[in-house]
Amino acid sequence: MLAINDGTSHVFMSDLYRTTSTVVVTDAHVVVADPCWLPREVGEIRTFTDSVKGDRQVVLLFTHSDYDHIIGWGAFPDAVVVASGSFARSPASERERNLEQIRDFDDQYYLKRDYEIAYPKTDHAMDGDGAELPLGNARLVCYQAPGHNADGMMTVVEPHGILILGDYLSDAEFPFIFHDSRQYEETLLKLDAILERHEIKLFVPGHGTPTSDPSEILSRRDADLRYIRELRRLTAAGDEAGIASLAADAPFPRHQRKYHQGNADKIRQELAEAGR
Ligand SMILES: [Zn+2]
């Protein structure tokens with residue numbers, strides 16, 4: 001479903017987990033971020049891309065390597081791929097795990113795809129904060145965003161001011177901490193520097209509602225920081241009731257409670273490691 005279309009930026013929202021796929025048409029390129037995830041939805045994004053492409057080069061941008069975000073890669077064999085350096089260098093075992101999750105998902109729902117499932121081959125690996133990839137009169141400016149997973153990246157598409165966030169700053173979920181809670185906080189705190197350097201006109205989270213309002217994104221950021229810090233405090237105190245109540249108003253509680261418990265386990269493990 002096309003959730004936003006302002007002529008330059010087009011945000012598709014999957015029926016699954018409100019996952020977003022962003023298509024930005026620049027003078028010489030079509031930037032497609034995380035095309036996902038049902039075969040019909042990937043097909044819709046592919047068809048849309050072809051309809052606006054003309055003689056533009058298609059650029060696939062991956063926000064991170066979680067399987068729901070790389071699932072559509074095979075539908076864009078003509079594209080060059082941009083991702084973080086850690087995405088490009090991820091170990092074979094990690095890649096195989098991501099691909100196996102895609103196969104599991106497709107088997108679970110009897111899904112067939114008209115393209116091959118494979119791990120994206122990165123043409124432009126972006127390292128550091130503020131690294132730029134020129135694209136004609138446009139450019140991508142990339143910021144490392146580890147924490148949710150190990151290889152996340154936030155990217156500003158300039159001069160359009162579109163910030164593609166990956167799995168951060170969602171209104172559909174609290175932070176899912178698969179990698180490292182401290183790094184997650186540091187990534188959230190980078191937002192200030194990004195807002196100072198860029199005039200952002202559209203913020204697109206990996207899941208949930210895009211917004212053009214910086215104060216909305218800053219309030220999501222503050223809520224996410226509060227959640228992580230409070231969860232760390234409660235976990236250190238062994239306050240199980242407090243931990244449970246922290247996720248009481250999660251947007252999709254029946255599904256999300258297990259991720260909340262996973263976050264608590266992750267932080268407990270981090271605290272134990274720090275104490276050794
Ligand atoms: Zn995701």
Side-chain angles (χ1 to χ4, degrees), residues 1 3-4 11-23 32-39 41-42 45 60-76 81-84 86-87 90 94-95 97-106 108-109 111 117 119-120 142-155 162-181 183-184 187-188 191 203-211 217 220-221 223-224 227-228 247 250-263 266:
M1 178 187 82
I4 289 185
V11 182
F12 291 82
M13 187 173 288
S14 172
D15 288 337
L16 298 175
Y17 302 99
R18 311 192 72 220
T19 316
T20 62
S21 305
T22 306
V23 180
V32 181
D34 294 356
C36 70
W37 36 324
L38 294 167
E41 294 174 329
V42 175
I45 297 164
L60 263 194
L61 170 69
F62 290 109
T63 61
H64 63 301
S65 66
D66 281 355
Y67 82 100
D68 48 331
H69 297 262
I70 62 169
I71 199 165
W73 134 252
F76 294 82
V81 171
V82 183
S84 72
S86 28
F87 181 106
S90 80
E94 182 67 20
R95 293 171 183 219
R97 196 180 63 91
N98 293 332
L99 295 178
E100 197 53 24
Q101 286 177 303
I102 296 176
R103 296 182 199 112
D104 270 351
F105 172 75
D106 284 356
Q108 186 179 358
Y109 295 105
L111 298 176
I117 299 300
Y119 192 86
C142 301
Y143 297 86
Q144 304 307 307
H148 165 67
N149 85 339
D151 58 26
M153 186 169 81
M154 293 180 177
T155 301
I162 300 160
L163 172 52
I164 298 167
L165 294 158
D167 281 4
Y168 295 95
L169 301 163
S170 172
D171 64 343
E173 59 197 27
F174 49 79
F176 286 8
I177 308 164
F178 300 151
H179 177 59
D180 186 289
S181 73
Q183 288 184 29
Y184 199 117
T187 289
L188 291 175
L191 190 62
F203 301 84
V204 188
H207 301 266
T209 319
T211 179
I217 219 73
R220 289 186 199 177
R221 192 272 301 272
D224 286 353
Y227 168 86
I228 297 172
F252 299 95
R254 286 162 199 78
H255 172 72
Q256 292 177 336
R257 237 171 261 144
K258 66 174 181 285
Y259 288 96
H260 178 60
Q261 281 307 326
N263 286 343
K266 179 87 202 158

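Bear in mind that the values here come from a model prediction, so they are computed numbers and not experimental data. Note that these values count all heavy atoms, side chains included, but never hydrogens, waters or copies made by symmetry. The first residue of the sequence shown is numbered 1, and numbering continues consecutively from there. Counting convention: from 1, in listed order, for ligands and their atoms alike.
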Checklist entry - Picking from I164, T155, V204, what satisfies side chain to side chain contact (heavy atoms under 4.5 Å, CB included) with T63? => result I164

Checklist entry - Does D167 put an N, O or S atom under 2.8 Å from the Zn ion (ligand 1)? => result yes

Item to check | Listed partners of W37 passing ring-ring contact (aromatic ring centres under 6.0 Å, His included), at least two apart | outcome: Y17, Y67, F105

Next on the checklist: Looking only at the aromatic ring of each residue, does the gap between the centers of Y168 and H64 stay below 6.0 angstrom?
Outcome noted: no

Item to check | Heteroatom test (N, O or S) for H64 near the Zn ion (ligand 1), limit 2.8 Å | outcome: no

Checklist entry - Of all N, O or S atoms in D68, which has the smallest distance to the Zn ion (ligand 1)? => result OD2

Next on the checklist: Check the orientation of Y259 and F178. Use parallel for under 30°, tilted for 30 to 60°, and perpendicular for over 60°.
Outcome noted: tilted

Item to check | Apex the Zn ion (ligand 1); atoms H69 NE2 and H207 NE2; angle rounded to 10 degrees | outcome: 100°

